[in-house]
Amino acid sequence: MKAKWYENLRTILKNSEKDADFLRRGNFWHVRGMRGKTQVTMRIQEGLGPSNPRSTCMLDIEWKAANQTQILKAIEDLKRLVNERNLSLNEAKKLLFAPVNQVDSSSENWQALKDSYLESKSDRRSTTLKDINTRLNNLLVTLEKTPKPRTGRDAMRAYTKQWLKKAPQGGQGRKRSLQDVASFLRFAVMRCGKEERWLPMESEELRELVGVRQTTSESHLTAAVLPKDLANLLDQMKADGREDLYLATALISLYGLRLGELAKLNIIDGELFVGHIKQNTQTLSQEEKPPREVIGVDIAGREGEAAKVLQLYQSGLVKLPIAVANQIKMVEQKGHFKNVGTAFSGILKRYKPWISLVKKNKGVSPYSLRHSWAYRVHKATESPVDSSVAASLMGHSIEVHNRVYSTWIDKKTKKEAIARANKALIKA
């Protein structure tokens, strides 16, 4: 008489329990139909005969012949998670079938895992999600490329070889790409039940793959618009009748603003304050930071210009460029400030005097206008401002400030600063 399908299923399951690995671990498994669904029982072999402890869980898999392969795969995954991670049966089931994944983690369905991962990151801003999606799409191509990677480490090496050939060693683009790949692989294992062999590289191994810059720090000096060039640029804007562009450029360069901060300016009692625009995983879940006060720094020989620019902005007689103003109106709808800065950059890059300035100064970009504020307080004065004060006014940490601008502090600057400190010592 032909055996029923579930008897064959139990025979396969029983035979799998005869291998050496199973005997070493000592758990026994049983499966049966219960109210049309699949019930799995795990008995822990402790030498107690019928009294051995057992655990039972119900799988949301219909108990029928057509699902025999799916049932076997589910049990194999449950076994793996119980044994590899020392989980209870129900903990293993929760990991495999939690709503967050909604995928068959025992298959190579990486696309479904990617979709689940992106869903878990839905609180990120749209531009960030777009970048992550691009990187993971590239990873999916790598996972299908012959020879196929069989571990997370192999996948990261293959991804680097295929997609990051031109990415500079130690560069931010290379670092972010590999961090996104590692985060996704970790998610697939820890949240969706993929085998532990898919865990990504960590710590030192990952740092080696990211690499270090092969060039000296001198080649990465922060480019600022120098005072003389800035003065000429501002004068030319007024001469050309570009009062709108003058206003935006002067606010950024004389007050050390980020480009997008043009959208969050507020004048209180004659002082300029800037609202918070930086958004990341941490800040999205926090209350908005209070506005920071910013203080204008003039160009030598043009004393009082920063104050006049502030008065001009407050009067409303001159408006910001139309493209910038339009993007400011759309910030709430878009949920980010990036396009405000992009609009300003686009206008500036089409302005001929700016094009000429860039040709003469390697590395200068619209953001160099913000750097020009830092340059003046650190390099263009006989009384340099302390880095902690400058960092606070620019709205970033002292660590970030030193990393960005420390290359300006040469041996001569250090000696002069100490000489001034010695001269100004206060007698106790």
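As the structure is a computational prediction, the values presented were derived from the model and not from experiment.
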S.K.: When you measure from the side chain of N266 to the backbone N and O of F273, does any donor-acceptor pair fall under 3.5 Å?
M.R.: no
S.K.: Strictly by ring-ring contact (aromatic ring centres under 6.0 Å, His included), give each pair with a member in residues 54-88 just once, sequence neighbours left out.
M.R.: W5-W63
S.K.: With heavy-atom distances below 4.5 Å as the criterion, would you say the side chains of V340 and V324 are in contact?
M.R.: yes
S.K.: So that I know where these two stand, are Y375 and H371 an aromatic pair - ring centroids less than 6.0 Å apart?
M.R.: no
S.K.: Check whether any side-chain heavy atom of F344 sits under 4.5 Å from a side-chain heavy atom of L369, and report yes or no.
M.R.: yes
S.K.: Check for a donor-acceptor pair, side chain of E7 on one end and backbone N or O of K4 on the other, with a separation under 3.5 Å.
M.R.: yes
S.K.: Among all residues two or more places apart in sequence or in another chain, which pass the side chain to side chain contact (heavy atoms under 4.5 Å, CB included) test with L199?
M.R.: V189, M190, E196
S.K.: What pairs with Q39 under side chain to side chain contact (heavy atoms under 4.5 Å, CB included), at least two apart in sequence or on another chain?
M.R.: R32, M34, T41, T56, M58
S.K.: Considering non-hydrogen atoms only, spot the tightest contact between L113 and F187 and give its length.
M.R.: O-CE2, 4.1 Å
S.K.: Let's go through D386 and S388 carefully: what are the C-alpha distance in whole Å and the side-chain angles of both, what is the deciding distance for side chain to side chain donor-acceptor pair (under 3.5 Å) to 0.1 Å, and is it a yes or a no?
M.R.: CA-CA 6 Å; D386 184 84; S388 61; 2.3 Å; yes
S.K.: Taking the side chain as every heavy atom from C-beta outward, state whether Y6 and Q68 have any atom pair closer than 4.5 Å.
M.R.: no
S.K.: Sub-3.5 Å donor-acceptor pair from the side chain of R80 to the main-chain atoms of G193, do we have one?
M.R.: yes
S.K.: Taking R124 for its side chain and I132 for its backbone only, find out whether a donor-acceptor pair lies under 3.5 Å.
M.R.: no
S.K.: Which residues pass the side chain to side chain contact (heavy atoms under 4.5 Å, CB included) test with K114, not counting sequence neighbours?
M.R.: Q111, L118, N133, L136, N137, L140, F184
S.K.: Which is it for L59 and I71 under the side-chain contact (heavy atoms from CB on, under 4.5 Å) test, yes or no, and what are the steps along the way?
M.R.: CA-CA 9 Å; L59 304 183; I71 293 170; 5.5 Å; no
S.K.: In chain order, what residues pass the side-chain hydrogen bond (donor to acceptor under 3.5 Å, both in side chains) check against S126, with sequence neighbours excluded?
M.R.: none
S.K.: Please name the pair of heavy atoms, one in S55 and one in L89, separated by the smallest distance, quoted to 0.1 Å.
M.R.: O-CD2, 3.4 Å
S.K.: Would you say that P366 contacts K349 through its side chain, given a criterion of any heavy-atom pair below 4.5 Å between the two side chains?
M.R.: yes
S.K.: Between S177 and W163, is the side chain to side chain donor-acceptor pair (under 3.5 Å) condition met? List the steps.
M.R.: CA-CA 9 Å; S177 293; W163 301 104; over 6 Å; no
S.K.: Determine yes or no for a side-chain-to-main-chain donor-acceptor pair under 3.5 angstrom, with Q70 supplying the side chain and N67 the backbone.
M.R.: no
S.K.: Strictly below 4.0 Å, N to O, side chains only: are K73 and E76 in salt-bridge contact?
M.R.: no
S.K.: With no hydrogens and no angle check, is any side-chain donor or acceptor of R174 less than 3.5 Å from a backbone partner on P168?
M.R.: no
S.K.: Let me confirm one number: the CG-CD1 distance from L247 to I252, rounded to the nearest 0.5 Å.
M.R.: 9.5 Å
S.K.: For a side-chain contact (heavy atoms from CB on, under 4.5 Å) with Y246, tell me which candidate from L233, L251, L234 qualifies.
M.R.: L234
S.K.: Can you name the salt bridge (charged side-chain N to carboxylate O under 4.0 Å, His left out) partners of R403, sequence neighbours left out?
M.R.: none
S.K.: Rounded to the nearest 0.5 Å, what's the gap from CD1 on I295 to CE on M394? Could you check?
M.R.: 13.0 Å
S.K.: To the nearest 0.5 Å, what is the distance between CH2 (W354) and CG (L348)?
M.R.: 5.0 Å
S.K.: Is any side-chain heavy atom of L393 less than 4.5 Å from a side-chain heavy atom of V294?
M.R.: no
S.K.: Sequence neighbours excluded, which residues qualify as salt bridge (charged side-chain N to carboxylate O under 4.0 Å, His left out) partners of R242?
M.R.: D244
S.K.: Is there a donor-acceptor pair closer than 3.5 Å between any side-chain N or O of R370 and the backbone N or O of G256?
M.R.: yes
S.K.: Checking S368 side chain against A223 main chain: does a donor-acceptor pair fall under 3.5 Å?
M.R.: yes
S.K.: Considering residues at least two apart in sequence or located in another chain, which fulfil the side-chain hydrogen bond (donor to acceptor under 3.5 Å, both in side chains) criterion with R153?
M.R.: E205
S.K.: Step by step, work out the side-chain contact (heavy atoms from CB on, under 4.5 Å) result for R197 and R150.
M.R.: CA-CA 8 Å; R197 62 189 171 93; R150 296 302 179 189; 4.1 Å; yes
S.K.: Less than 4.5 Å apart, any side-chain heavy atom of V385 and any of V297?
M.R.: no
S.K.: For I322, is the CD1 atom crowded, meaning more than 12 foreign heavy atoms sit under 6.0 Å from it?
M.R.: no
S.K.: Going from OG1 on T69 to CD1 on I12, what distance comes out if it is rounded to the nearest 0.5 angstrom?
M.R.: 8.0 Å
S.K.: Hey, does L178 have a side-chain heavy atom less than 4.5 Å from the side chain of M201?
M.R.: no
S.K.: Partners of E208 by side-chain hydrogen bond (donor to acceptor under 3.5 Å, both in side chains), sequence neighbours excluded?
M.R.: none
S.K.: Can you tell me if W110 uses its side chain to pair, donor with acceptor, with the backbone of V141 under 3.5 Å?
M.R.: no
S.K.: For the pair H396 and Y405, name the ring-plane relationship: parallel under 30°, tilted 30 to 60°, perpendicular over 60°.
M.R.: tilted
S.K.: So, for L185 and M156, which heavy atoms are closest and what is the spacing to 0.1 Å?
M.R.: CD1-CG, 3.9 Å
S.K.: Check salt bridge (charged side-chain N to carboxylate O under 4.0 Å, His left out) between E202 and all other residues, then give those that pass, not counting sequence neighbours.
M.R.: R186
S.K.: Can you check whether V225's main-chain N or O pairs, donor with acceptor, with D229's side chain at less than 3.5 Å?
M.R.: no
S.K.: Work out which heavy atom in L143 is nearest to a heavy atom in K148; give both atom names and the distance.
M.R.: O-CG, 3.5 Å
S.K.: According to the salt bridge (Lys or Arg N to Asp or Glu O under 4.0 Å) rule, which pairs have a member within residues 128-142, sequence neighbours left out?
M.R.: R135-D180
S.K.: Find the distance between CG (L78) and NZ (K93) and round it off to the nearest 0.5 Å.
M.R.: 9.5 Å
S.K.: Quick one: side chain to side chain contact (heavy atoms under 4.5 Å, CB included) partners of I355, sequence neighbours excluded?
M.R.: K359
S.K.: Step by step, would you call H401 with H378 a side-chain contact (heavy atoms from CB on, under 4.5 Å)?
M.R.: CA-CA 12 Å; H401 193 85; H378 290 311; 2.8 Å; yes
S.K.: Show the nearest heavy-atom pair for residues L265 and E261, with the distance to one decimal.
M.R.: CD2-O, 3.3 Å
S.K.: Using side-chain heavy atoms (C-beta onward) and a distance below 4.5 Å, is V181 in contact with P200?
M.R.: no
S.K.: Measure the spacing between CG of L310 and CG of L254 and express it to the nearest 0.5 Å.
M.R.: 10.5 Å
S.K.: Closest heavy-atom contact between S183 and Y117?
M.R.: OG-OH, 2.7 Å
